[in-house]
Asks: 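Okay, handing you the structure first.
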There are 2 protein chains.
Amino acid sequence: MTHGARQERPTPPTLEAVAEAAGVSRATVSRVVNASPTVRPEVVDIVNAAIGKLNYVPNRAARSLASRQTQAIALVVPEDPTRFFGDPYFAAIVQGITRRLDESEYILNLLVASDDPAHKAMRYLRSGNVDGALIVSHHDDDEYVTDIATVMPSVFGGRPPNDADPGSHYVDIDNIAGAQLAARHLIDIGRTRIGTITGPVDMPAGIDRLNGFLRTLEAAGVATDAIENADFTASGAATATRRLLDRIPDADALFVASDLMATGALTVLRERGLSIPGDIAVVGFDDSPLAASADVPLTTVSQPSTGMGFAMADMLLRLLSGDETVPHRTIMPTRLVLRASA
Amino acid sequence: MTHGARQERPTPPTLEAVAEAAGVSRATVSRVVNASPTVRPEVVDIVNAAIGKLNYVPNRAARSLASRQTQAIALVVPEDPTRFFGDPYFAAIVQGITRRLDESEYILNLLVASDDPAHKAMRYLRSGNVDGALIVSHHDDDEYVTDIATVMPSVFGGRPPNDADPGSHYVDIDNIAGAQLAARHLIDIGRTRIGTITGPVDMPAGIDRLNGFLRTLEAAGVATDAIENADFTASGAATATRRLLDRIPDADALFVASDLMATGALTVLRERGLSIPGDIAVVGFDDSPLAASADVPLTTVSQPSTGMGFAMADMLLRLLSGDETVPHRTIMPTRLVLRASA
DNA sequence: TTGTACGCGTTATCAG
DNA sequence: CTGATAACGCGTACAA
């Protein structure tokens, strides 16, 4: 007996074979497979019997060549793989996507940007591999992602880059409102020296959360100079937090733009001997599993991550089905989850 | 201007179109596209110019129909999606896989088991969608996964189920040795009442880690009754830890079969007012990011998760290339990483 | 209701 | 070295 690639594998049965076994034409078998209503019930049974006997499964390549559909969609992530795979937020998004896809016949292709993202990804997308695309974690300077939407039905996770087609479809949360929730809370619990660790300023979520934060602080007449930029990673946030603390030693509150970053900030706070929330209160963003299990359980702005993934997939599937009534944007709610850190 | 699915999208150029534009036959264009050496250099240039001008990209369905190859592989995960997406261990595996795939022309299809895993997944795999499969997180009773290996080249992540083809290919770590490392360490630091929270006993990793643990304890003449089974989730581990503590109140050490489970155990230990490692020492398994950032940084058995994903993909790609010299198993090393918890 | 025949875009075999 | 031409497996007008 042999194994692996060299093993002789039997050629899968074709429509032709089933037709012969059932004593009908290929077309009829095709109709049965595709549940056409115009086939006599008894013939349906005969054909299905043959299909079961031969263990027939339609060849997808042939089918998509003929039908010009692939029944596949791509998840495009123009992002450093380490960051994508390191943040539970993305896991939740993907989970939501697969949950929706499980209810359909569509399958998911994962395209995480490599060194040569634009070229390879676009090449892949343009070669008719997928019927549509889901785009997540895009940056303003990722020119090629805006091209994707011109090539095939696409849904962005988060507000699309500024230069994207204004008719783009996307699912988002109100990042501004979410950040305002966080800032408001910190003010309400009496904090007066409030800082923030931001996400990348070339990403909508990074910008919007900063703006919401600023807006609330300004309205309250609180100083807004305690700002440090980071990159949505724990280590990046740690570095930024050190900078902030060096600059503003009397900070008594911190809004960190993601839970993952908050864990990095907590590490630094701990290392500086600061008590939480005693010396300094912390509010995160995401309500990822990290928040609940953190050193000091995190007060955080909750967003329906899994739900967003689900909504994105759902929107794309509707688009693919030719549904004319699909809204161009779906904005999902955020809420503040109170835990120990603030 | 219109948008979305209804938008008129131009038909992509075909081989035919390029041939016409270049004034050669389709066959020649095909040769150029596939870098056949038997084409006159000047013709190659002409054709490439036409390709560039028309922005031609080969249609994958047509190509795979003709060549009987898909340039795609599937990652099959016969597991509850919540668990798959909740454990950083899997993120690392997937990252390793994509890292290897990025160096190739292959792309990845994600198949996380749904309610009807056997049927839908097998159907998908058998319809000629992928050239090979990577199987991760399989349980002994997942009969269908062992079938996959009979249908196409496959590589398991972890020892295959017992009833799998003995010639199966897989990448694994020495779970027994890893667990022995952990147990040995707990004994060495003077612990005498050592318990363990195991993984599922229908999974190779769960079984092997338990056995390694038991082997070392028995050899040292230490009691082996402090065992509670869990399911590789944080909440499952928390429950198991409560049971164990209720039964063995004087336990002074705990070997938890995964870092994610260890975070669940830590929560319970904290809730019982136990100091770590003072009252009870804890050793995890994986060395996932969770370990370093845990409440009490975790001493843990480190395994090269990303490396395993890479190795799996590499093994499968070699299999697909017809490489006869591919070893049937690759066992990767583990080591103990000392932190604060033990 | 069912069968015939052509087309989908490539690859691959053969002549030339 | 290049060009016809036949597969590859399926969907689908069109005809019966």
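Residue numbers start from 1 in every chain, and the chains themselves are labelled A, B, ... in the order their sequence lines are given, proteins ahead of strands.
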Asks: Is any side-chain N or O of Arg68(A) closer than 4.0 Å to OP1 or OP2 of dG9(C)?
Replies: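 Yes, Arg68(A) has a side-chain N/O under 4.0 Å of OP1/OP2 on dG9(C).
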
Asks: Check this one for me: any side-chain N or O of Asn59(B) less than 4.0 Å away from OP1 or OP2 of dC8(C)?
Replies: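 Asn59(B) to dC8(C) OP1/OP2: no side-chain N or O under 4.0 Å.
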
Asks: Over all strands shown, is Val43(A) touching base, sugar-phosphate only, or nothing at heavy-atom distances under 4.0 angstrom?
Replies: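 The answer is sugar-phosphate, as Val43(A) gets under 4.0 Å only of primed atoms, P, OP1 or OP2.
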
Asks: What's the CZ-C1' distance between Arg60(B) and dT11(C), to the nearest Å?
Replies: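 In whole Å, dT11(C) C1' lies 15 Å from Arg60(B) CZ.
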
Asks: Select base, sugar-phosphate, or nothing to describe what Thr14(A) touches, counting heavy atoms under 4.0 Å on all strands.
Replies: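 Result for Thr14(A) = sugar-phosphate.
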
Asks: Between atom CD in Glu42(A) and atom C1' in dT2(C), what is the gap in whole Å?
Replies: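 To the nearest whole Å, that distance equals 13 Å.
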
Asks: Return the orientation label for the Phe90(B) and Phe84(B) ring planes: parallel under 30°, perpendicular over 60°, tilted otherwise.
Replies: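 Ring orientation, 0 to 90° scale: tilted.
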
Asks: Side-chain contact, heavy-atom cut-off 4.5 Å: His138(B) with Pro204(B)?
Replies: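 Side chain of His138(B) against side chain of Pro204(B), heavy atoms only: contact under 4.5 Å found.
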
Asks: Cut-off 3.5 Å, side chains only: do Thr82(A) and Gln95(B) have a donor facing an acceptor?
Replies: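 There is such a pair (donor and acceptor under 3.5 Å, judged by atom type) between the side chains of Thr82(A) and Gln95(B).
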
Asks: On DNA chain D, which is the earliest and which the latest nucleotide, 5' to 3', with an atom closer than 4.0 Å to a heavy atom of chain A?
Replies: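 First-to-last contact on DNA chain D, by the 4.0 Å heavy-atom rule, is dG9(D) to dA13(D).
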
Asks: I want to confirm an ordering. Mapping Arg26(A) and Val39(A) to their closest nucleotides on DNA chain C, which one lands closer to the 5' end?
Replies: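 The residue closer to the strand's 5' end, by nearest nucleotide, is Val39(A).
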
Asks: Go nucleotide by nucleotide along DNA chain D from the 5' end; which of Leu15(A) and Arg31(B) gets its closest nucleotide reached first?
Replies: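 Its nucleotide being nearer the 5' end, the pick is Arg31(B).
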
Asks: What is the separation between atom CD on Glu16(A) and atom C1' on dG3(C), rounded to the nearest whole Å?
Replies: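 After rounding, the reported distance stands at 13 Å.
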
Asks: Hey, does Ser30(A) reach any base, or is it just sugar-phosphate, or nothing, if we go heavy atoms under 4.0 Å?
Replies: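 The answer is base, as Ser30(A) lies within the cut-off (heavy atoms under 4.0 Å) of a base atom.
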
Asks: Tell me: CZ of Arg126(A) to C1' of dG9(C), nearest whole Å?
Replies: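 Spelled out: CZ on Arg126(A) to C1' on dG9(C) is 15 Å.
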
Asks: Are side-chain heavy atoms of Thr306(A) and Phe85(B) found at a separation under 4.5 Å?
Replies: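 SC-SC contact between Thr306(A) and Phe85(B) ruled out.
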
Asks: Just checking, any donor-acceptor pair under 3.5 angstrom between side chains of Ser137(B) and Arg83(B)?
Replies: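 Note: Ser137(B) and Arg83(B) side chains meet the donor-acceptor criterion.
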
Asks: Return yes when atom CD of Glu20(A) has more than 12 non-hydrogen atoms of other residues, nucleotides or ligands closer than 6.0 Å, and no otherwise.
Replies: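 Open: at most 12 neighbouring heavy atoms sit under 6.0 Å from CD of Glu20(A).
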
Asks: Cut-off 3.5 Å, side chains only: do Ser127(B) and Arg63(A) have a donor facing an acceptor?
Replies: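 There is no such pair (donor and acceptor under 3.5 Å, judged by atom type) between the side chains of Ser127(B) and Arg63(A).
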
Asks: Write down the distance between CZ (Arg40(A)) and C1' (dG3(C)), rounded to a whole number of angstrom.
Replies: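 Nearest whole value for this atom pair: 13 Å.
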
